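To keep things clear, I will list the structure first and then write my remarks on it.
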Amino acid sequence: MTTNTPQNRATSRYAFKEAEARWQTAWEDGGCFVAEQDPNLPKYYVLEMFPYPSGRIHMGHVRNYTMGDVVARYKRAQGYNVLHPMGWDAFGMPAENAAIEKKVHPAEWTYANIDTMRRQLKMMGLSIDWSREIATCHPDYYRHEQKMFLDFIDAGLIDQREAWVNWDPVDQTVLANEQVIDGCGWRSGAAVEKRRLSQWFFKITEYAQELLDALDTLDRWPDKVRLMQANWIGRSEGLRIEFEMEGRDEGLEVYTTRPDTIFGASFCAISPEHLLAAELAEGNAKLTAFIEECGRRGTSEAAIEQAEKVGFNTGLKVKHPFILGKTIPVYVANFILMEYGTGAIFGCPAHDQRDLDFARKYGLDVLPVVVPEGQNDFTVGDIAYTGSGKLANSEFLDDMDVEAAKGEIARRIEATGSGKREINFRLRDWGISRQRYWGCPIPIIHCGDCGAVPVPTEDLPVELPEDVSFDRPGNPLDRHDVWKNVDCPKCGKAAVRETDTFDTFVDSSWYFARFASPQADLPTDRAASDYWLPVDQYIGGIEHAILHLLYSRFFSRAMKKTGHSGIEEPFAGLFTQGMICHETYTTTSGDWVEPADVIEGDGDALIHVETRAPVTAGRSEKMSKSKKNVIDPESIISTYGADTARWFMLSDSPPERDLDWTESGITGAWRFSNRLWRLIAESADALPPVRTGPDDSSNSELRRAVHAAIIGVTQDLEALHFNRSVARVHELVNALSDADAAKDGAALREGLETVTLLIGPMMPHLAEELWQILGHDQLVADSPWPVADESLLVQDTVKLAVQVRGKMRGTIEIPHDADESTAEQAALALPTVTAALDGDEITKIIYVPGRIINVIH
RNA sequence: GCGGGCGUGGUGGAAUUGGUAGACACGCCAGAUUUAGGAUCUGGUGGCGAAAGCCGUGGGGGUUCGAGUCCCUUCGCCCGCACCA
């Protein structure tokens with residue numbers, strides 16, 4: 001203790017380094033944040049998306065974990081039994097890239113990163129139960145994942161089939177979509193090919209309807225995330241139609257959501273991956289080349305849809321089902337997805353933009369069959385018409401609206417037996433096979449006789465072999481003969497292990513459940529998970545709005561079906577935070593410059609600190625290493641302290657929006673924390689002693705400010721509006737700074753104690769320090785949240801805005817329960833009002849008690 | 001291409017959800033003070049105007065007694081798109 005004599009307090013600044021370390025030790029020694037199951041206490045499970053151990057924490061982590069920590073500490077103060085754990089999403093490609101580039105084993109690299117990042121997170125003073133830490137790359141974690149996979153197989157939730165991948169012929173490896181740049185492998189530069197590989201799938205599509213319906217129950221999720229998931233699931237009601245093909249026995253099955261436009265059909269198109277395309281390509285070199293060319297695109301939907309729409313006329317024709325004698329050409333087209341519907345469509349160019357682009361390119365007919373109300377001479381140019389209207393050029397459908405026409409076509413098609421109504425989903429099954437080393441091994445053994453045989457439970461875990469090298473292309477598991485070659489568990493013959501590993505999304509789809517019982521022998525301890533689950537507040541980046549969250553929702557259902565859990569929805573509350581941005585700097589030659597290397601030269605011009613070359617400030621962008629606009633959290637915490645960093649993260653920017661990192665922002669937070677420390681350290685000795693009984697303080701104005709702040713901060717924290725709670729704390733501190741310790745001692749003590757408790761979740765170290773200075777022995781971490789005395793907030797009079805014809809003309813102060821005539825009289829007595837009326841007759845007066853009075857003339 | 005979001009002073013943002021636009025903070029201006037500190041304190045600060053006042057929430061239009069908030073339209077920027085995590 002160095003700061004506790006009055007002299008020191010008055011003259012020194014807050015010694016954050018020493019204090020933060022001291023309070024972190026106090027929390028740890030007291031076991032403050034160790035969560036224990038207690039059925040008598042209401043639980044609250046706060047979880048932030050766990051980090052990938054990429055090396056060091058970044059500002060996005062600081063923001064994410066600060067917000068979660070505020071919620072955790074606030075809920076703890078409110079009397080909840082809080083679970084707030086931390087772990088590592090530790091499998092993934094960067095570890096393998098490091099192995100290739102830096103010759104370090106993925107495990108070694110990963111665990112070293114975890115050590116660094118754990119140490120950095122601990123510097124932040126988070127209220128985390130570190131005894132529950134898990135890492136997904138540890139066999140103690142992934143053995144349970146393998147067990148659940150086997151249970152999922154038994155429950156019929158798993159499928160094995162072929163699927164397309166991006167293949168790099170030089171690196172002999174499968175590429176992620178992000179590794180395909182302009183159709184070439186990111187490392188080798190070789191043209192990417194598409195290959196079909198046998199892969200494992202989770203049958204998430206069986207839950208499509210349920211996952212869609214249950215979105216309505218997630219009332220503490222952002223609407224936009226629910227909407228994005230609903231669109232992703234993409235339920236559509238349409239019609240499957242079989243067209244007769246000329247000169248062939250079998251028909252062509254297409255799926256359409258616009259059967260009403262069938263009279264406008266001018267072509268059919270099938271996916272390059274369609275079986276018919278493959279059949280026609282045999283002995284047709286041109287078509288084969290076309291299909292191969294399509295295969296050189298990436299597999300991503302964005303790449304497919306953005307590519308210019310091209311097709312290949314197969315020469316085949318189908319018969320129009322309703323126009324006798326009319327035939328329609330069949331194309332193979334690059335924009336048809338095999339995964340959706342039947343992999344074949346009929347194109348009606350007038351009413352679908354993609355079809356229109358295609359038709360214009362190949363000179364196909366564009367016949368409008370839906371005409372907007374009142375436009376009889378309607379034609380389509382370069383923009384397809386997708387709105388409502390009346391059917392035209394469509395024989396028996398003419399003059400119907402779109403919905404009626406859809407129904408009529410469906411009825412007629414079904415009557416002929418050439419098709420049926422069908423509900424389709426855009427959602428595809430979740431392919432989980434990854435041809436990589438650093439992931440959870442898929443516990444399957446392939447036997448020539450028995451096929452794919454699950455590894456028996458007693459043989460789990462299937463551990464990754466450690467003696468692997470990355471000096472050759474391809475998956476090291478594939479060439480690890482000792483690990484790979486095993487006996488078939490069924491028949492005992494020589495067999496080989498599955499060398500694919502799980503998608504890392506599998507790891508992150510159930511970690512929240514593992515935190516409830518991280519040491520359990522089974523994947524979950526049901527008593528623990530039944531108590532703690534679901535997660536009450538989940539916090540993370542918007543970039544996970546779809547995949548991670550949807551997969552976790554599926555996994556919860558699968559775990560319920562297999563008895564591993566009792567819940568369907570994993571995350572009762574969800575909050576998605578914005579990103580951290582920073583100004584970018586470039587030299588005249590366009591190279592990025594780190595903020596730390598930029599200084600002001602002569603005048604205001606920016607220059608490079610060493611080369612003195614001129615530097616241009618660019619727009620603020622998401623912090624990224626490639627743009628060199630990152631600020632290292634550890635250096636910020638060392639310089640300003642964890643509390644200052646946390647306070648800045650919470651200030652100003654609404655948490656769901658992007659936050660601009662600025663030097664002035666962090667120094668502003670730094671000054672505020674010192675100002676608050678000084679305010680309390682300097683007045684502590686002049687205050688009356690710690691209260692023991694009811695408050696009898698007299699300064700009601702000050703007390704009103706204090707209790708209004710309690711209500712405001714509580715509401716704002718409850719709504720996760722951290723920036724507003726920060727503003728309210730500022731307001732309270734401003735009010736307290738104006739108070740006189742000699743005159744309003746008791747009220748001031750109440751106010752200072754209150755503000756200390758209110759900042760507790762946000763600046764926990766400083767709060768402990770101030771609480772001690774104010775004479776308390778107990779930790780803030782163990783203290784209850786302040787409760788407002790609402791009776792102090794009742795005011796006798798209210799200030800009312802007075803408008804004349806909606807224009808603000810002044811204010812009046814009247815009793816809060818004043819009747820209309822009192823308010824009117826007061827309003828009309830205002831000189832600004834009489835001036836604005838200018839003698840006109842009043843036609844109407846609108847009086848909204850407590851809000852406004854509006855005089856109309 | 002499809003889907004989603006955002007736009008308010010010099011800056012970050014606030015606005016009880018249709019009722020006094022700009023809380024709070026940064027910056028800036030003026031002053032004070034000093035143990036010269038990553039200072040502190042006091043006052044001012046949306047724009048135009050001497051003032052009265054007028055104008056102001058990306059642009060245009062509409063609904064309403066009243067619109068930052070609701071509707072239509074338009075522009076700009078950002079995010080996601082299934083093997084990144």
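Note: hydrogens, waters and symmetry copies are ignored here, and every other heavy atom, side chains too, is used. If you're wondering where the values come from, they're calculated on a predicted model, not measured in any experiment.
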(request) For A:Asn674, answer base if it contacts any base atom (sugar-phosphate contacts may also be present), sugar-phosphate if it contacts only those atoms, and nothing otherwise; contact means non-hydrogen atoms under 4.0 Å. (result) nothing

(request) Measure from the side-chain heavy atoms of A:Arg678 and tell me the nearest of B:U20, B:C41, B:G7. (result) B:C41

(request) Look at all strands and tell whether A:His548 reaches a base, only sugar-phosphate, or nothing, counting heavy atoms closer than 4.0 Å. (result) nothing

(message) Of the listed nucleotides (B:U42, B:G4, B:C84), which one gets closest to any side-chain atom of A:Ala176?
(response) B:C84

(request) Give one of base, sugar-phosphate or nothing for A:Gly92, where a contact means two heavy atoms less than 4.0 Å apart. (result) sugar-phosphate

(request) For the pair A:Arg226 and A:Asp223, find out whether any cationic side-chain nitrogen is under 4.0 Å from an anionic carboxylate oxygen. (result) yes

(request) When you get a sec, tell me which of B:A85, B:G13, B:G38 is the closest nucleotide to the side chain of A:Tyr640? (result) B:G38

(request) Would you please name every residue forming a side-chain hydrogen bond (donor to acceptor under 3.5 Å, both in side chains) with A:Glu731, sequence neighbours left out? (result) none

(request) Check whether the side chain of A:Asn231 and the base of B:G3 form a donor-acceptor pair under 3.5 Å. (result) no

(request) Identify the nucleotide, in any strand shown, that forms a Watson-Crick or G-U wobble pair with B:A50, with both distances under 3.5 Å; if there is none, say none. (result) none

(message) For a quick check of understanding: with a heavy-atom distance under 4.0 Å over all strands, which category does A:Thr843 fall into, base, sugar-phosphate or nothing?
(response) nothing

(message) Between P on B:G38 and CZ on A:Phe16, what's the gap in Å once rounded to a whole number?
(response) 12 Å

(message) Applying a 4.0 Å non-hydrogen cut-off, can you work out what A:Glu621 is touching in the nucleic acid: base, sugar-phosphate, or nothing?
(response) nothing

(request) Would you indicate, yes or no, if B:G7 has its OP1 or OP2 atom less than 4.0 angstrom from a side-chain nitrogen or oxygen of A:Arg657? (result) yes

(request) Look at the side chain of A:Arg675 and decide which nucleotide, out of B:C41, B:U42, B:G5, has an atom nearest to it. (result) B:C41

(request) Choose from B:A85, B:G80, B:U20 the nucleotide whose nearest atom is closest to any side-chain atom of A:Phe505. (result) B:A85

(request) Name the pairing partner of B:G18, where a pair is Watson-Crick or G-U wobble with both distances under 3.5 Å, or state none. (result) none

(request) Within residues 800-810 of chain A, find the residues that approach RNA chain B with a heavy atom at under 4.0 Å, and present them sorted by residue number. (result) A:Ala801, A:Gln803, A:Gly806, A:Lys807, A:Met808, A:Arg809

(message) Distance criterion of 3.5 Å, no angle test: do you see the side chain of A:Gln179 paired donor-to-acceptor with the base of B:C84?
(response) no

(request) Assign A:Pro51 to base, sugar-phosphate, or nothing according to its heavy-atom contacts below 4.0 angstrom with the strands shown. (result) nothing

(request) Would you please name every residue forming a side-chain hydrogen bond (donor to acceptor under 3.5 Å, both in side chains) with A:Asn734, sequence neighbours left out? (result) A:Arg675

(request) Go through the structure and list residues passing side-chain hydrogen bond (donor to acceptor under 3.5 Å, both in side chains) with A:His721, not counting sequence neighbours. (result) A:Arg724

(request) Would you mind telling me which residue lines up with the more 5' stretch of RNA chain B, A:Val848 or A:Pro94, judged by nearest nucleotide? (result) A:Val848

(message) Side chain of A:Tyr52 only, heavy atoms from C-beta on: which candidate in B:A82, B:A85, B:C65 is closest?
(response) B:A85

(request) For B:G12, take OP1 and OP2 only and decide whether either is under 4.0 Å from a side-chain N or O of A:Asn723. (result) no

(request) State which of B:C26, B:C83, B:U17 makes the closest approach to the side chain of A:Arg851. (result) B:U17

(message) Using a 6.0 Å cut-off, check whether atom CD of A:Glu790 has over 12 heavy atoms from anything other than its own residue.
(response) no

(request) Identify the nucleotide, in any strand shown, that forms a Watson-Crick or G-U wobble pair with B:G12, with both distances under 3.5 Å; if there is none, say none. (result) B:C24

(request) Would you indicate what A:Ser508 reaches in the nucleic acid, counting non-hydrogen atoms under 4.0 angstrom: base, sugar-phosphate, or nothing? (result) nothing

(request) Report the nucleotide, chosen from B:G4, B:G38, B:A82, that has the shortest atom-to-atom distance to any side-chain atom of A:Leu427. (result) B:A82

(request) Kindly say if A:Arg671 contacts the phosphate of B:A39, meaning a side-chain N or O under 4.0 Å from OP1 or OP2. (result) yes

(request) Please state whether the phosphate of B:A85, meaning OP1 or OP2, lies under 4.0 angstrom from any side-chain nitrogen or oxygen of A:Thr504. (result) yes

(message) Is it true that, when you exclude A:Lys203 itself, more than 12 heavy atoms of the residues, nucleotides or ligands shown sit nearer than 6.0 Å to its NZ?
(response) yes

(request) Round to a whole Å and report the spacing from CG of A:Leu547 to C1' of B:A82. (result) 5 Å

(request) Could you list the residues that satisfy salt bridge (charged side-chain N to carboxylate O under 4.0 Å, His left out) with A:Arg63, not counting sequence neighbours? (result) none

(message) Under a 3.5 Å cut-off for both contacts, is B:G1 paired Watson-Crick or G-U wobble with anything, and if yes, with which nucleotide?
(response) B:C81

(request) Mind checking A:Phe672 for me? I need base, sugar-phosphate or nothing, with any heavy atom below 4.0 Å counting as a touch. (result) nothing

(request) From the options B:C83, B:G12, B:U20, select the nucleotide whose nearest atom is closest to the side chain of A:Tyr551. (result) B:C83

(message) Rounding to an integer number of Å, can you tell me how far A:Arg426 CZ sits from B:G3 C1'?
(response) 8 Å

(message) My understanding is that only one of A:Thr501, A:Asp500, A:Asp503, A:Asn475 makes a side chain to side chain donor-acceptor pair (under 3.5 Å) with A:Arg434; could you say which?
(response) A:Asp503

(request) Could you state the atom-to-atom distance from CE of A:Met579 to C1' of B:C78 in whole Å? (result) 7 Å

(request) Please identify each residue that fulfils side-chain hydrogen bond (donor to acceptor under 3.5 Å, both in side chains) with A:Arg426, with sequence neighbours left out. (result) A:Glu301

(message) Can you tell me the base-pairing partner of B:U33? Count Watson-Crick or G-U wobble geometry only, both distances below 3.5 Å, and say none if there is no partner.
(response) none

(message) For a quick check of understanding: with a heavy-atom distance under 4.0 Å over all strands, which category does A:Ile846 fall into, base, sugar-phosphate or nothing?
(response) base

(message) Which nucleotide, if any, forms a Watson-Crick or G-U wobble pair with B:G68, using both distances under 3.5 Å?
(response) none

(request) Answer yes or no: is there an ion pair linking A:Lys309 with A:Asp355, defined by an N-O contact shorter than 4.0 Å? (result) no

(request) Please tell me which of the listed nucleotides, B:G19, B:G38, B:A14, lies nearest to the side chain of A:Pro654? (result) B:A14

(message) If the cut-off is 4.0 Å, is A:Arg354 near the phosphate of B:G1, judged by side-chain N/O to OP1 or OP2?
(response) no

(request) Verify the distance criterion only: is there a donor paired with an acceptor across the side chains of A:Trp221 and A:Gln229 at less than 3.5 Å? (result) no

(request) Output yes when at least one side-chain N/O atom of A:Asn177 is less than 4.0 Å from OP1 or OP2 of B:A82, else no. (result) yes

